[in-house]
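Start at 1 and go down the list; that is how both ligands and their atoms are numbered.
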Amino acid sequence: MAKGLLIIISGPSGVGKGTIRQAVMKDPSLNLWYSVSLTTREQRPGEVDGREYFFVSEKEFADNLKRGNLLEHACFVGHHYGTPLDKAEEKRLEGRNVILEIEVNGTLQVLDRLKDQDVVSIFLMPPSFQDLEARIRGRCTEGEKCIEERLKKAKKEMGMSAHYKYVVTNDSVERAASEIQGIIRKEIELARSSMTK
Ligand code: 5GP
């Protein structure tokens, strides 16, 4: 069986990666599996351990890193985030197309580490910086300092979109999700045809 693709959905904090990812995953024909990350940040109201993230202590995070069980990891506004390698690899070997929803530094690590493999990198761009600022202000529960840091970081991240294979603007959830579904469909076809050559 062909190994599944590794699909990265990235973009600045607040751009709507989670909403778009959920909309993209509604198409069962794409055979997608979402990789839940580890994080040391506090659980927000409404978040469920094991669904949005695995909320872990600094020690648990460091242990995973030491064991080599993080495909990539990054420190974002003072908290650690990382992709567990074992599950993602297991699912890809089962033929599932694995989605990571991660920030830019983590993406660069994956692109560097898995150079010759089937990695599809997609950067989600907000329609404007003002729009992004309003979204970050609306949902950040961690105070003004954290908002300012996230905004500064978002500006920097938007300047790094050239590292990605695809850039998609999140002007509407349905449109952006459908564009991404089209990209994934095309990439699945490409991977299939290169296997039969
Ligand atoms: P938040 O705290 O808003 O949930 O996430 C902060 C940032 O970390 C977001 O851009 C999110 O996509 C990113 N992120 C979440 N999980 C991971 C991960 O496993 N690795 C990396 N590099 N970034 C992550």
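Using a cut-off of 4.0 Å between Lys/Arg side-chain N and Asp/Glu carboxylate O, Glu101 and Lys17 are scored as not salt-bridged.
To the nearest 0.5 angstrom, Ile147 atom CD1 is 5.0 Å from Arg137 atom CZ.
Defined by atom type and a distance below 3.5 Å, a donor-acceptor pair is present between the side-chain atoms of Asn69 and Asn64.
Under the rule for a side chain to side chain contact (heavy atoms under 4.5 Å, CB included), the partners of Leu108 that lie at least two apart in sequence or sit in another chain are Val104, Met160, His163. Under the ring pair (Phe, Tyr, Trp, His ring centres under 6.0 Å) criterion, Tyr53 pairs with Phe55, Tyr81, sequence neighbours left out.
Pocket lining of ligand 1, defined as residues with a non-hydrogen atom under 4.0 Å away: Lys17, Ser37, Arg41, Arg44, Tyr53, Glu72, Ala74, Phe76, Tyr81, Gly82, Thr83, Glu101, Ile102, Glu103, Gly106, Arg139, Arg150.
Legend: salt bridge (charged side-chain N to carboxylate O under 4.0 Å, His left out) pairs involving residues 164-181, not counting sequence neighbours, sorted by first then second residue: Lys165-Glu187, Asp171-Arg175, Arg175-Glu179.
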